[in-house]
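The shown structure was predicted, so the numbers you read here are calculated from the model rather than taken from an experiment. Hydrogens, waters and symmetry mates play no part in the numbers below; they use all other heavy atoms, side chains included. In listed order, ligands and their atoms are each counted from 1.
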Amino acid sequence: MTTIKLHNSKTRKKEVFTPIDPDNVQMYVCGPTVYDRAHLGNARPVVVFDVLFRLLRHVYGAEHVTYARNFTDVDDKINARAAESGREIGEITAETTQWFLDDMGALGALEPTHMPRATQYIPQMVEMIEDLIARGHAYAAEGHVLFAVDSWREGYGQLSGRSVDDMIAGARVEVAPYKKNPMDFVLWKPSDAEQPGWDSPWGRGRPGWHIECSAMSHDLLGESFDIHGGGNDLMFPHHENEIAQSCCANPEGEFARYWLHNEMLQVEGKKMSKSLGNFFTVRDLLEQGIPGEVVRFVFLQTHYRKPMDWTEKKASEAEATLRKWRALTAGIEPAATAAAAVLDALADDLNTAGAIAEMHKLAAAGDAAGLLAAGQLVGLLSDEMGDWAAAPSVDLSAHEARLFAARQTAMETKDFAEMDRLKSAYTEAGLEVRMSKTGVELVPGTGFDAAKLEGLE
Ligand SMILES: [Zn+2]
């Protein structure tokens with residue numbers, strides 16, 4: 001059996017992965033809060049843990065892997081969205097949940113085994129909170145219930161490597177007067193008549209965010225399970241708080257044994273943000289005509305523990321590669337097993353960049369069946385993702401020859417008007433123009449519109 005090694009954030013080491021039960025390997029990943037379209041950064045953990053899910057299914061058998069990913073459908077951001085839009089909360093969360101599934105499906109992500117919604121697990125959350133109070137790890141105050149970090153000083157902060165005292169020193173938020181320790185966090189909070197709420201021993205209210213993952217993973221996977229994943233922006237406080245809740249409510253269990261965190265996403269070297277004007281959703285890219293498979297390919301080229309830089313150049317190169325690979329594998333049956341080198345790369349802490357490099361070698365060797373088997377392992381080259389590639393890419397060679405000839409003439413006559421006119425027409429059509437002494441290359445960018453080349457005089 002393939003040995004999988006994973007970098008465990010808990011021990012800060014790459015470790016051999018040994019499941020509790022190889023007949024039922026279990027993974028939990030924090031999912032989205034459903035109030036808006038997923039932006040490109042939200043898609044990164046989905047693709048990263050989809051690759052891990054596929055690898056685990058390959059190694060242990062598809063029926064021996066359980067993957068749970070939640071939908072946070074109770075949250076103040078959702079309430080705010082409902083208030084500003086005048087729409088019902090349930091309508092917003094149902095619509096956004098479906099958007100998420102559609103958009104992630106377009107990126108080739110398999111649906112997890114379980115997709116629990118927070119609002120369906122309120123009784124389990126209430127029960128866990130009652131248990132934490134009974135065990136002396138939580139207290140009720142002014143309609144709230146708080147987790148008491150002082151009750152678990154020995155464990156709190158271990159994942160993120162901070163002490164409670166450091167956290168207090170670093171905290172700049174105004175501390176609520178009902179908190180015994182400034183780092184105590186909310187398990188339950190009161191709801192007014194406008195806010196969604198459920199009856200509880202502490203009055204009508206709603207859960208804090210962190211408790212849902214503890215309650216749902218316990219209900220679906222048990223008190224000990226193999227892998228917990230999420231973006232590294234969730235490590236503190238969310239994952240730290242999940243650990244505190246779960247380990248204190250179920251001290252016999254280990255909670256999650258391997259913690260995996262993916263790094264964040266940038267766009268053209270900058271943090272994606274609305275203020276920088278480089279913020280876009282997965283749907284925006286799909287609507288621009290960038291195939292989901294191309295997005296997935298670009299993601300896989302960067303190791304999950306490195307910052308991933310989304311660039312238009314990478315997207316157009318990925319598209320060209322996938323077109324070649326799809327042409328090579330058209331009508332071919334995949335090899336019975338993926339090449340050992342591809343599997344070894346993935347098993348080495350999800351080295352997807354290494355797997356892609358091996359796929360380039362298979363393509364160069366003309367091994368179409370091997371390339372297709374490897375593609376299926378990483379979620380590329382599948383039939384259902386391939387519609388986009390059926391349309392032939394535009395043959396730009398005549399245009400390249402024409403511009404090159406215009407360049408030669410311009411060099412001789414020193415009259416650059418015709419060359420410049422063509423160049424701006426190609427740029428206008430969404431092509432990147434690369435000119436040199438030896439030739440011209442026209443590379444379609446994301447806004448490429450072939451119709452603009454028709455009738456170019
Ligand atoms: Zn979570």
Solution key, residues 289-303 side-chain donor-acceptor pairs under 3.5 Å, sequence neighbours excluded:
unit_1: E293; atom_1: OE1; unit_2: R326; atom_2: NE; d: 2.9
unit_1: E293; atom_1: OE1; unit_2: R326; atom_2: NH2; d: 3.2
unit_1: E293; atom_1: OE1; unit_2: W388; atom_2: NE1; d: 2.9
unit_1: E293; atom_1: OE2; unit_2: R326; atom_2: NH2; d: 3.1
unit_1: E293; atom_1: OE2; unit_2: L381; atom_2: N; d: 2.6
unit_1: R296; atom_1: NE; unit_2: V378; atom_2: O; d: 3.1
unit_1: R296; atom_1: NE; unit_2: G379; atom_2: O; d: 3.1
unit_1: R296; atom_1: NH1; unit_2: D50; atom_2: OD2; d: 3.1
unit_1: R296; atom_1: NH1; unit_2: L107; atom_2: O; d: 3.0
unit_1: R296; atom_1: NH1; unit_2: G108; atom_2: O; d: 3.3
unit_1: R296; atom_1: NH2; unit_2: D50; atom_2: OD2; d: 2.6
unit_1: R296; atom_1: NH2; unit_2: V378; atom_2: O; d: 2.9
unit_1: H303; atom_1: ND1; unit_2: R305; atom_2: N; d: 3.3
unit_1: H303; atom_1: NE2; unit_2: D349; atom_2: O; d: 2.7

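Every pair passing ring pair (Phe, Tyr, Trp, His ring centres under 6.0 Å) that includes a residue from residues 72-119 is listed here, sequence neighbours excluded: F71-F100. Counting only residues at least two apart or in different chains, ring pair (Phe, Tyr, Trp, His ring centres under 6.0 Å) contacts with residues 10-37 comprise F17-Y258, Y28-H228.
The number of heavy atoms from other shown groups lying within 6.0 Å of CD (E194) does not exceed 12.
Between K179 and D184, no side-chain nitrogen of the basic residue sits less than 4.0 Å from a carboxylate oxygen of the acidic one, so the salt-bridge criterion is not met. E432 has no carboxylate O lying under 4.0 Å from a charged side-chain N of K313, or vice versa, which leaves the two without a salt bridge.
The tally of protein N/O/S atoms under 2.8 Å from the Zn ion (ligand 1) stands at 4.
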